Amino acid sequence: MLQFTFPDESVREYDAGATGADVAGSISKSLLKKAVAVAVDGELRDLSDPIEANAAIEIVTRDDPRALELIRHDAAHVMAEAVQELWPDTQVTIGPVIENGFYYDFKRDTPFTTEDLPKIEKKMQQIIQRNAKFTKEVWSRNEAKEYFAAKGEDYKVELVDAIPEDETVKIYKQGDWLDLCRGPHMASTGQVGQAFKLMKVAGAYWRGDANNEMLTRIYGTAWTNEKDLKAYLHMLEEAEKRDHRKLGREMDLYHFQEEGPGVVFWHHKGWQLFQNLTNYMRRRLEDDYQEVNAPQILDKALWETSGHWEWYRENMFATETEDHRVFAIKPMNCPGHVQIFKHGLKSYRDLPLRMAEFGAVSRYEPSGALHGLMRVRAFTQDDAHIFCTEEQMAAECHKINDLILSVYKDFGFEEIVVKLSTRPEKRVGSDEVWDHAEAVMAEVLKEIEANSGGKIKTGILEGEGAFYGPKFEYTLRDAIGREWQCGTTQVDFTLPERFGAFYVDSDGEKKQPVMIHRAICGSLERFLGILIENFAGHFPLWLTPQHFVVAAITSDADDYAKEVHAALKKAGLRGVLDLRNEKINYKVREHSHAKIPVIIAVGKREAEEKSVSIRRLGSRAQTSMTLDEAVVSLKDEATPPDLKEQAS
């Protein structure tokens with residue numbers, strides 16, 4: 001008999017080979033009806049899989065968050081069956097689950113178009129209504145290859161050959177249709193439900209290799225229920241309205257062009273926005289950090305010492321000079337900062353030494369990966385490196401955490417998740433060093449969650465650390481519910497060792513410092529893209545590139561409009577004067593489209609009363625106040641939060 005331990009810590013005995021379905025049925029018929037999978041020692045399995053050893057068991061129902069991936073996985077199989085029912089000559093290739101949905105790649109002589117999607121959706125609904133059971137079979141390699149070859153499924157034959165020798169060849173059937181798949185699956189197609197939608201069609205090379213044949217990829221999304229599906233589709237609509245590329249054009253912030261792929265051409269207002277962010281960040285650092293600037297181009301030898309040439313070479317821009325020296329444009333700032341630390345003898349009294357740089361870096365990204373400000377080839381990092389002792393490491397991680405959370409709060413982000421990324425498969429440094437670094441950071445992570453009173457969520461990302469050390473990743477949630485990973489704190493014992501960096505300790509001995517890599521925004525360009533979309537271009541007044549426009553209603557008010565403009569400019573506010581011979585409604589529409597936050601209209605009455613009429617972006621209401629009141633109010637609103645805090 002086997003012993004199964006349940007989530008409530010109760011233990012029951014079952015015969016060896018009992019399945020998840022057996023276990024669910026032994027508890028209640030209703031649980032068996034709702035069950036879609038079983039978790040055995042935390043691993044999801046088919047309900048029909050026999051369990052052969054003592055284990056922790058949990059029956060997974062369809063409304064369990066873990067079931068969502070199964071819903072999407074099964075929806076992909078249902079889509080593939082629907083496609084082959086409609087177009088039998090189509091070859092099915094690979095169809096994984098992805099964030100928020102799934103896709104499948106197909107080979108068909110006539111590529112699919114968006115006009116085909118409604119037909120496929122209708123057929124999927126029919127297949128789901130059939131409620132065919134998912135059944136798993138294990139085939140020999142030859143059997144699988146012969147079957148798929150006979151059907152003309154050449155890509156499936158290739159996939160069978162790619163399965164490692166120590167893995168079995170699994171076939172999942174749903175009624176008369178089958179596919180090669182590792183699983184697991186839910187019990188039947190009916191459990192997919194109707195909360196799905198096919199989203200788009202795109203081209204995709206077989207196995208992502210441009211030398212291979214082009215296939216057609218169909219993307220879909222699937223959710224537990226209609227409410228979640230509608231919420232997701234609404235979020236996509238909002239995201240489209242907020243697209244930073246569209247708003248960037250409307251607000252005249254920046255542009256891209258073919259002669260500089262992946263590099264930003266900042267316009268005047270966009271560069272003002274960039275400087276507002278940079279100036280804010282610089283003020284937040286000035287009490288604790290030394291700002292430095294490391295060279296843009298360094299000899300290959302330095303990158304070989306750091307390890308980047310081995311681990312990161314494909315992402316670096318390099319050139320060879322006439323004297324046969326190879327140089328690389330820096331993809332990151334850390335090796336340069338180590339050189340600055342090494343210049344001159346350092347004592348334990350100098351530590352922690354916090355070194356910051358708004359460093360321009362360049363990284364090669366494939367053309368297909370470039371995406372506005374979110375994915376570029378040249379960007380600026382709000383980068384910093386803290387050199388400290390091992391004893392100071394935990395305290396420094398806490399200090400960084402406090403700074404990161406404070407900065408995010410100033411931008412309105414308060415839903416934060418902090419995750420610890422642990423050692424990757426490819427890494428440098430001994431296991432002992434990694435054990436120590438991960439242990440310290442795991443303890444800090446617990447304290448971060450505890451100190452936040454549960455407001456900060458935490459987690460572990462197994463194997464996602466940098467090649468030189470574990471790291472914290474900070475993810476924030478924006479106004480429409482999307483998550484963005486921005487800040488990082490990375491502990492590094494390796495780089496100081498590689499470069500021979502040391503400090504003189506209190507006992508007169510040379511000791512190696514711990515190096516902590518820290519970023520808050522990460523890429524300033526990407527962070528601005530996030531802010532543009534989060535605020536939909538309606539920036540808070542302290543951040544916006546242009547505070548106001550003064551628009552004269554009639555030419556009789558031109559002189560007073562100039563007076564208002566001068567008073568606001570004298571108060572340190574940024575704005576323009578609009579004296580054009582156009583109707584005021586036309587001016588308001590035009591400036592609203594450009595996302596100017598404050599439109600000040602002045603006419604003959606305002607000139608006589610020394611008042612102004614203020615309209616805010618996104619509102620039809622107008623507020624009247626004296627010019628002096630307007631100057632004081634707008635100046636206060638345009639004061640950055642860190643300066644307000646200093647003044648209070």
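Residues: numbered from 1 along the sequence shown. The structure displayed is predicted, hence computed values, not measured ones.
Using a 4.0 Å cut-off between charged nitrogen and carboxylate oxygen, E365 and R377 do not count as a salt-bridge pair. A salt bridge does not link E137 to K170: none of the charged nitrogens lies less than 4.0 Å from a carboxylate oxygen. Salt-bridge annotation for K419 and E464: absent, with no side-chain N of the basic residue lying under 4.0 Å from a carboxylate O of the acidic one. Remark: D209 does not engage R207 in a salt bridge, criterion side-chain N to carboxylate O under 4.0 Å. Between E226 and K230 there is no salt bridge, since none of the side-chain N atoms of the basic residue sits less than 4.0 Å from a carboxylate O of the acidic one. Salt-bridge formation is not detected for the pair R130/D176: no Lys NZ or Arg NE/NH1/NH2 atom is positioned less than 4.0 Å from an Asp or Glu carboxylate oxygen. Between D154 and K107 no salt bridge is recorded (no basic side-chain N to carboxylate O distance below 4.0 Å).
Other residues, nucleotides and ligands contribute only 12 or fewer heavy atoms inside 6.0 Å of the CD atom of E99. Residue K151 places its NZ atom among more than 12 non-hydrogen atoms of other residues, nucleotides or ligands, all under 6.0 Å distant. Residue E9 qualifies as open at atom CD: its count of foreign heavy atoms under 6.0 Å is 12 or below. Few gaps surround CZ on R108; more than 12 heavy atoms of other groups in view lie less than 6.0 Å from it.
Side-chain N/O atoms of T19 and D22 include a donor and acceptor closer than 3.5 Å. With no hydrogens or angles considered, no side-chain donor-acceptor pair links D46 and H185 at under 3.5 Å. Side chains of Y147 and E153: no donor on one and acceptor on the other come within 3.5 Å. Using a 3.5 Å distance cut-off with no hydrogens or angles, the side chains of T422 and E462 do pair a donor with an acceptor. In the model, D63 has a side-chain atom that pairs as donor or acceptor with a side-chain atom of T61 under 3.5 Å. N54 and Y14 share no donor-acceptor pair across their side chains, judged by distance under 3.5 Å alone. For the 3.5 Å distance criterion, the side chains of K122 and Q125 fail to qualify, holding no donor opposite an acceptor. The closest side-chain donor-acceptor pair between T221 and N100, if any, does not fall under 3.5 angstrom. Side-chain contact check for E237 and Y232: no donor-acceptor pair (N or O, by modelled atom type) lies under 3.5 Å. Of the N and O atoms on the side chains of D105 and W206, not one donor lies less than 3.5 Å from an acceptor on the other residue. Of the N and O atoms on the side chains of T90 and Q84, not one donor lies less than 3.5 Å from an acceptor on the other residue. Looking at D8 and S10, their side chains do bring a donor and an acceptor atom within 3.5 Å of each other. Counted by atom type alone, E121 and Q194 present zero donor-acceptor pairs between their side chains at under 3.5 Å.
Residue pairs meeting the ring-ring contact (aromatic ring centres under 6.0 Å, His included) criterion with at least one member in residues 109-133, sequence neighbours excluded, are W87-F112, F106-F112.
Remark: F411 CZ to I530 CD1 distance equals 11.0 Å, nearest 0.5 Å. Within the model, atoms CZ of R313 and CG of N315 stand 9.5 Å from one another, a figure rounded to the nearest 0.5 Å.
Here the closest heavy-atom approach between residue D243 and residue R245 is recorded as OD2-NH2, 2.6 Å. Of all non-hydrogen atoms in K241 and K246, the two that sit nearest each other are O-NZ, 3.1 Å. The shortest non-hydrogen separation linking K156 to V92 is CE-O, 3.2 Å. Summarising the geometry of C521 relative to C486, their closest heavy-atom pair is O-CB, 3.9 Å, with the distance given to 0.1 Å. Here the shortest heavy-atom pairing between Q490 and K471 reads CG-CB, 3.3 Å. Minimum interatomic distance between F102 and A222 (heavy atoms only, all atoms of both residues): CE2-CB, 4.0 Å.
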*asked:* Would Y219 and Y103 count as a ring-ring contact (aromatic ring centres under 6.0 Å, His included) here? Give the steps.
replied: CA-CA 4 Å; Y219 287 94; Y103 71 77; 5.6 Å; yes

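R427 is linked by a salt bridge (Lys or Arg N to Asp or Glu O under 4.0 Å) to D431, counting only residues two or more places apart in sequence or in another chain.
If you run salt bridge (Lys or Arg N to Asp or Glu O under 4.0 Å) between E415 and each of K409, R482, R477, only R477 comes through. Y104 pairs with exactly one of D179, T216, T93 by the side chain to side chain donor-acceptor pair (under 3.5 Å) rule, that one being D179.
You'll find the side chain of T489 stays beyond 4.5 Å of the side chain of N401, heavy atoms only. Two residues are said to be in side-chain contact when any heavy atoms from C-beta on lie closer than 4.5 Å; M441 and V491 meet this criterion.
The backbone N or O of D478 sits nowhere less than 3.5 Å from a side-chain atom of N534 that would complete a donor-acceptor pair.
Both the sub-6.0 Å distance and the 45° axial angle are not jointly satisfied by R12 relative to the ring of F4.
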